[in-house]
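The residues of the chain are indexed from 1 along the displayed sequence.
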Amino acid sequence: MSSEAVFIQVGALAEGFAPHSNTLEQQDLAGTTLAFHFAEGETVHCRFNDDQTLLWGDRRVDYRATSIRPGILFIDFLDPQQANSSVTLVCDRQQGNFTAVYGQLPQESQARLDAFSRVEQGLPLTAVNAEFRFGRLDGSNGPLPQFTDELIGMRNLYTYSPTERYEHIYLNNNFYAWQCLDGVEKGLADVDRCHYVKVAEQLYLFVWREKIVPTLGVVMIDLQGMRTDGKILGYQGSDFSSLSNFAVGAHAQILNTTHYPKA
């Protein structure tokens with residue numbers, strides 16, 4: 001390469017992904033009500049007013065909802081109770097369970113703390129937070145979702161649009177490697193913190209938290225339909241004054257899978 005690859009803000013990334021992106025259509029859930037019974041005992045009722053707004057408890061918010069498989073809902077909105085935060089709900093209406101991801105971006109002072117200082121202070125390398133909460137829908141007694149290691153060892157290619165392609169390598173329970181093959185981040189690569197939840201057979205919730213530019217990714221990976229759908233949350237620019245919470249979706253391809261010999 002003749003020039004050094006440069007990390008960009010999430011707002012600029014959203015602009016690159018936008019044209020002709022492979023995202024799913026919005027689901028119109030108008031009139032639907034779901035009761036989220038969290039495993040810790042809390043219950044939150046969610047009513048969908050129309051195809052754009054819902055009531056989360058008594059808070060009205062804009063939302064995006066998609067369905068990567070029949071009976072599976074991906075619902076995402078900015079958290080009305082926390083600054084610089086989002087709530088993502090993955091609902092399996094057939095099994096009667098859900099996973100809730102509460103993500104929060106760091107304040108500017110946290111984001112500007114260098115990696116060496118974070119290590120010295122015993123802090124995680126990324127200042128982006130993600131809290132996972134599991135529960136049951138309505139009156140179901142079905143099993144709760146679980147974290148999984150089934151993606152580990154896979155090397156996958158994701159095509160987000162005619163111009164944007166990324167490769168992921170799922171290294172272990174805590175980290176994955178990514179690189180941009182084509183697009184606005186072409187030439188960039190890194191290893192970041194990640195989490196995997198099994199939703200159904202060959203269907204996974206994949207969450208990553210980047211450490212350089214504050215970024216939270218929450219994506220469904222369907223290895224039956226070979227596609228993904230989800231969102232990326234970050235700051236619009238370097239002034240930390242506005243958020244970018246944009247939809248992403250991709251066609252997926254498994255390039256290979258690494259199996260390590262037993263020690």
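Residues Phe48 and Gln27 form no side-chain contact, since every pair of their non-hydrogen atoms from C-beta on lies 4.5 Å or further apart. In this structure the side chain of Asn156 reaches within 4.5 angstrom of the side chain of Leu223, judged on heavy atoms. Side-chain contact check for Leu113 versus Leu123: some heavy-atom pair is nearer than 4.5 Å. Using a 4.5 Å heavy-atom threshold, the side chains of Phe98 and Leu34 count as separate. A 4.5 Å side-chain heavy-atom check between Tyr158 and Val219 finds every atom pair outside the cut-off. Put simply, the side chain of Gln26 reaches to within 4.5 Å of the side chain of Arg64, judged on heavy atoms. Put simply, the side chain of Val101 reaches to within 4.5 Å of the side chain of Leu205, judged on heavy atoms. Within the 4.5 Å cutoff, no side-chain heavy atoms of Glu150 are placed close to those of Tyr196.
For Arg227 (side chain) and Asn22 (main-chain N/O), a donor-acceptor pair under 3.5 Å exists by modelled atom type. Looking at Asn97, its side chain does come within 3.5 Å of a backbone N or O of Pro143 through a donor-acceptor pair. Listed for the Asp138 side chain is no donor-acceptor partner under 3.5 Å among the backbone atoms of Ser140. Looking only at distances, no side-chain donor or acceptor of Thr215 sits under 3.5 Å from a matching main-chain atom of Gly234. At distances below 3.5 Å, at least one donor-acceptor pair connects side-chain atoms of Ser85 with backbone N or O atoms of Ala83. Without hydrogens or angle criteria, Asp76 side chain to Gly230 main chain gives no donor-acceptor distance under 3.5 Å. Under the 3.5 Å distance criterion, the side-chain polar atoms of Glu167 are left unmatched by any main-chain donor or acceptor of Leu181. Although no hydrogens or angles enter the test, the distance criterion places a donor-acceptor pair under 3.5 Å between the side chain of Thr126 and the main chain of Glu210. In this structure a side-chain-to-backbone donor-acceptor pair under 3.5 Å is present from Arg118 to Pro124. Of the possible donor and acceptor atoms, one in the side chain of Lys211 sits under 3.5 Å from a partner among the backbone N and O of Val191.
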Subject >> Worked verdict on Arg93 versus Leu73 for side-chain contact (heavy atoms from CB on, under 4.5 Å) >> reply: CA-CA 8 Å; Arg93 303 186 75 178; Leu73 289 175; 3.8 Å; yes

**OP:** Could you walk me through whether Asn84 and Tyr235 pass the side-chain hydrogen bond (donor to acceptor under 3.5 Å, both in side chains) test, one step at a time?
**Re:** CA-CA 9 Å; Asn84 306 326; Tyr235 288 107; 3.3 Å; yes

Original post:
Could you walk me through whether Arg209 and Asp192 pass the side-chain contact (heavy atoms from CB on, under 4.5 Å) check?
Top reply: CA-CA 6 Å; Arg209 299 184 284 146; Asp192 282 308; over 6 Å; no

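In this structure, Leu233 CG and Ser244 OG are separated by 8.0 Å, a value rounded to the nearest 0.5 Å. Residue Ile232 holds its CD1 atom at 5.0 Å from CG of Leu13, rounded to the nearest 0.5 Å. With rounding to the nearest 0.5 angstrom, the CD1 atom of Ile169 is 13.5 Å from the CG atom of Leu151. Atom-to-atom distance recorded for Gln82:CD and Asn129:CG is 10.5 Å, nearest 0.5 angstrom. One finds the CG atom of Asn172 at 6.0 Å from the CD1 atom of Ile152 (value rounded to the nearest 0.5 Å). Interatomic distance, Asp190 CG to Phe175 CZ, rounded to the nearest 0.5 Å: 10.5 Å.
Side-chain contact of Gln95 with Asp92: a donor-acceptor pair under 3.5 Å is present, judged by distance alone. Side-chain contact of Ser86 with Asn245: a donor-acceptor pair under 3.5 Å is absent, judged by distance alone.
In this structure, Met220 and Phe74 approach most closely via the heavy-atom pair CG-CD1, 3.6 Å. Closest heavy-atom contact between Met226 and Ile254: CE-N, 3.8 Å. Closest approach of Glu164 and Gly16 over heavy atoms only: OE2-O, 3.3 Å. The minimum heavy-atom distance between Leu243 and Leu78, with the atom names listed, is CD1-CD2, 4.0 Å. Across every non-hydrogen atom of Gln179 and Ala189, the tightest pair is CB-CB, 3.6 Å. Contact record, Asn173 with Asp149: OD1-CB, 3.6 Å, taken as the closest heavy-atom pair.
In summary, of the residues considered (Tyr176, Tyr204, Phe132, Trp208), a ring pair (Phe, Tyr, Trp, His ring centres under 6.0 Å) with His195 occurs for Phe132 alone. For the side chain to side chain contact (heavy atoms under 4.5 Å, CB included) criterion with Phe77, the lone passing option out of Thr53, Thr88, Leu54, Asp62 is Leu54.
Between Trp56 and Phe36, the gap from one ring centroid to the other is short of 6.0 Å.
Cluster membership check: Met154 shares its hydrophobic cluster with Ile221, using side-chain heavy-atom separations under 4.5 Å among Ile, Leu, Val, Met, Phe, Trp and Tyr. Leu137 and Val90 are assigned to two separate hydrophobic clusters, defined by single-linkage of ILVMFWY side chains at heavy-atom distances under 4.5 Å. Under the 4.5 Å side-chain contact rule for hydrophobic residues, Phe7 and Val248 share a cluster. One hydrophobic cluster, built from ILVMFWY side chains closer than 4.5 Å, cannot hold both Leu216 and Leu125; they sit in different ones. When hydrophobic clusters are built by joining Ile, Leu, Val, Met, Phe, Trp and Tyr residues whose side-chain heavy atoms come closer than 4.5 Å, directly or via intermediates, Tyr102 is not grouped with Phe206.
Ring orientation note: the planes of Tyr166 and Phe17 are tilted relative to one another, at an angle of 30° to 60°. By the 30° and 60° cut-offs, the orientation of the rings of Tyr170 relative to His168 is perpendicular.
Heavy atoms from other residues, nucleotides or ligands lying under 6.0 Å from CD of Glu201 number 12 at most. Atom CD of Gln202 sits in a crowded spot, with more than 12 heavy atoms from other residues, nucleotides or ligands closer than 6.0 Å. Around CD of Glu42, the count of heavy atoms belonging to other residues, nucleotides or ligands within 6.0 Å exceeds 12.
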